[in-house]
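Only a predicted model underlies this, so the values are computations on that prediction, with no experimental measurement involved. Note on naming: letters A, B, ... go to the chains in the order of the sequence lines (proteins, then strands), and numbering restarts at 1 for each one.
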Amino acid sequence: MNRRNKIGAGVGRQLAVLAALLAVSGTASAGLYNDGKVLATGGVSMTDGAGGGGITPWATITGYETRDGINADLHYTYVHLPNYDLNSGGIAIGFFDRVELSYTNDSLPTGNTYDTVGLLTTTVNNLLTVGSTPANTLNTGIEPFNTTVRMNVFGAKIRLFGEAIYDSDNLIPQVAIGGFYKINNNKLLLKTLGADKSKDFEAYVSVTKIFFPLSTLINLTGRYTSANQTGLVGFGGPDGNHRSFRFEGSIAYLLNKGTAIGAEYQMHSDKLHNVNLNILGLTANTGNALLDPILNTVTGSTLRQRESDWRDAFIAFFPSKNLSITMAYAMLGNIVLSPHQDGYYISLQASF
Amino acid sequence: MKAIRLSLTLAAATTLMLAAAQPAVAAQDPTGGKQTTYPGIPSSSLEKFGGEAGVAVWVDDLFYYILADNRINQIFLTHGKVKRQIALNKELEQMVLGGPVTYEGASMSAAHSDMGITLTQFNAVVEDAYLACDLARTPYTVCNQLIAALAPFERSIVTR
Ligand code: HEM
């Protein structure tokens, strides 16, 4: 009990869970531990934590286990964009190359994106407190200089049929279905941004095939979702939480047995496209002679959100079955209020 | 009531999934000629592999790695047929790449049926096959033509 209290913070608890899992996988290693997949054929970890490419879940089951056992991986991804940094870390376990379970924690410090909004809110609050009753003050979930979006993602995947690797004499692909349950912890901010929900599920079907004569892998995914920016900006919009199928695709070319290059595409939401930030009453007429001119200026183009489809080009290195390193140039376009969010992506995966 | 219906649906879905999980293609044993792949193996493949001599070197290299591989070498040593396997593999690999050679050994299912070979052991051979390509300086893209031609044998060879 004492020791647990000392560990305290969430990170500590996660580490403890990981240590326990490692211990379990260590003791079970005699019978169930398996790393029999051919190098690189376990894929890497996508940002939601599932086995796949960088942003798209594949029909492959994560880890290096074959149908003979269990394997797991720890993954950490860092994306550096002009206005945001995404840190994503978690764990995934593959059971008998059939079922995959994953957990990932996304944390997105928003840099200076909301600083203006945060400062504005503070200013407005001050004015409102002076000018009228304090009850009218705004809470947007945005602190100037200090807003971090956090999301927990739980994932599961089951391979239905097909052998992406061994069925090279027919065109039947490997097919898997899976789902994510995503809990975004920034309810207030999402309300300000106009999203309908802060937690929701996503379901997907993925189809993967390796064409060995071409040294090429192709994956196509349909994801049933209402997520804005994968859920980092919540789910749905002012019209509600209407999920629909969105297309995603990856193509990877194997340069040698330990290196792959490729590109990905992921269709994104239009739920919040052109939706203005909804700072309580800001769009309405406050009747405050000081405020209204400011608001009219700001609620024009400045607070209008946009969302673009995501694209990336990557290179993945597999120096051993215990480590993969993926580097990508991510072209994420418009994110909320910031255009041109193109930047670098690096992802590490440790398998054991 | 709702809960019962939900669990029934879940049970039905699970059954369907397990049914779908069975091998989609009946095990076939194409040991009779050039392997059919998608897309097909180019007619230049055998030549790029170094022709008959190149395949022979590759098979020798493969068994060098197999016998050095502690994950699987005991299986090969206890069966004691390595010389015959090397000779027959030289035929088989030429044939599946489209060479004018007839393979005279047993079918893949007959040759491996009573050994209970696992997918993990099969993949160990695949990794040794890539190492043999490296040793023979066979380019990776050319090596993958042979990998494509041999991969479907998994359904006949892996019985566990
Ligand atoms: C695509 C992969 C493989 C190919 C192309 C292949 C090919 C062959 C061939 C041509 C033979 C000779 C058949 C005969 O004697 O008529 C053979 C026999 C044999 N193979 Fe394989 N094999 C493969 C995978 C494996 C694996 C994964 C193992 C074990 C880990 C294995 C173990 C053996 C053994 C022990 C024999 C001798 C059986 C006997 O006692 O006659 N093979 N294989």
Side-chain angles (χ1 to χ4, degrees), chain A residues 32-42 61 64-71 96-99 156-178 203 205 209-218 253-260 318 320-321, chain B residues 13-14 16-30 34-42 45 71-72 96-97 116-131 133-134 139-158 160:
Chain A
L32 286 176
Y33 174 81
N34 183 279
D35 63 353
K37 268 190 198 129
V38 176
L39 186 68
T41 59
I61 299 296
Y64 273 104
E65 84 292 347
T66 63
R67 62 184 76 139
D68 305 322
I70 295 174
N71 201 270
F96 307 101
D97 199 26
R98 176 63 67 191
V99 173
K157 189 200 292 179
I158 177 164
R159 181 162 69 86
L160 296 183
F161 61 85
E163 291 279 2
I165 295 171
Y166 307 105
D167 285 354
S168 57
D169 59 340
N170 62 56
L171 285 172
I172 300 169
Q174 182 162 323
V175 178
I177 53 171
V205 54
K209 185 88 182 164
I210 299 181
F211 298 96
F212 272 111
L214 302 175
S215 302
T216 298
L217 175 149
I218 291 177
Y253 177 75
L254 296 149
L255 285 176
N256 59 48
K257 62 191 179 191
T259 314
F318 301 84
S320 81
K321 284 191 188 176
Chain B
T14 318
L16 271 176
M17 271 178 209
L18 289 177
Q22 299 312 311
V25 196
Q28 79 194 76
D29 199 345
K34 184 177 176 179
Q35 181 72 275
T36 309
T37 62
Y38 295 91
I41 292 163
S45 274
R71 298 174 295 179
I72 49 175
V96 294
L97 285 176
I117 295 175
T118 64
L119 187 57
T120 305
Q121 289 163 341
F122 184 90
N123 285 347
V125 170
V126 174
E127 286 175 348
D128 293 336
Y130 277 120
L131 287 173
C133 282
D134 289 347
Y140 176 73
T141 49
V142 177
C143 194
N144 272 344
Q145 312 288 335
L146 183 59
I147 296 292
L150 296 178
F153 290 150
E154 182 270 336
R155 296 195 297 271
S156 314
I157 292 171
V158 176
R160 264 221 301 244

Practice problem: Find the one option among B:V142, B:V126, B:T118, B:V158 whose heavy-atom pairs under 4.5 Å with chain A are most numerous. | Solution: B:T118
Quiz item: In Å and rounded to the nearest 0.5 Å, what is the CG to CZ distance from A:D169 to B:F153?
Solution: 9.0 Å
Quiz item: Do you see a donor-acceptor pair shorter than 3.5 Å between the side chains of B:Y130 and A:N256?
Solution: no
Self-check item: Heavy-atom side-chain proximity of B:L131 to A:K257 below 4.5 angstrom
Solution: yes
Self-check item: Heavy-atom side-chain contact between B:E154 and A:I165 under 4.5 Å
Solution: no
Self-check item: Shortest non-hydrogen contact from A:L214 toward B:P39
Solution: CG-CG, 3.6 Å
Practice problem: Check for a donor-acceptor pair, side chain of A:S168 on one end and backbone N or O of B:A148 on the other, with a separation under 3.5 Å. | Solution: yes
Quiz item: Quick one: what part of A:Y253 sits under 4.5 Å from any heavy atom of chain B, side chain, backbone, both or neither?
Solution: side chain
Quiz prompt | Residue, of A:L255, A:L39, A:V175, that accumulates the most heavy atom pairs under 4.5 Å with chain B | solution = A:L255
Quiz item: If you take all heavy atoms of A:T66 and B:T120, which pair is closest and at what distance?
Solution: OG1-OG1, 2.8 Å
Quiz prompt | Nearest heavy-atom neighbours spanning B:Y38 and A:P213 | solution = O-CD, 4.2 Å
Quiz prompt | Residue pair B:N123 / A:K37: nearest heavy atoms and the distance that separates them | solution = ND2-CA, 3.7 Å
Practice problem: Quick one: pull up CD1 in B:I147 and OH in A:Y166 and give me the separation to the nearest 0.5 Å. | Solution: 10.0 Å
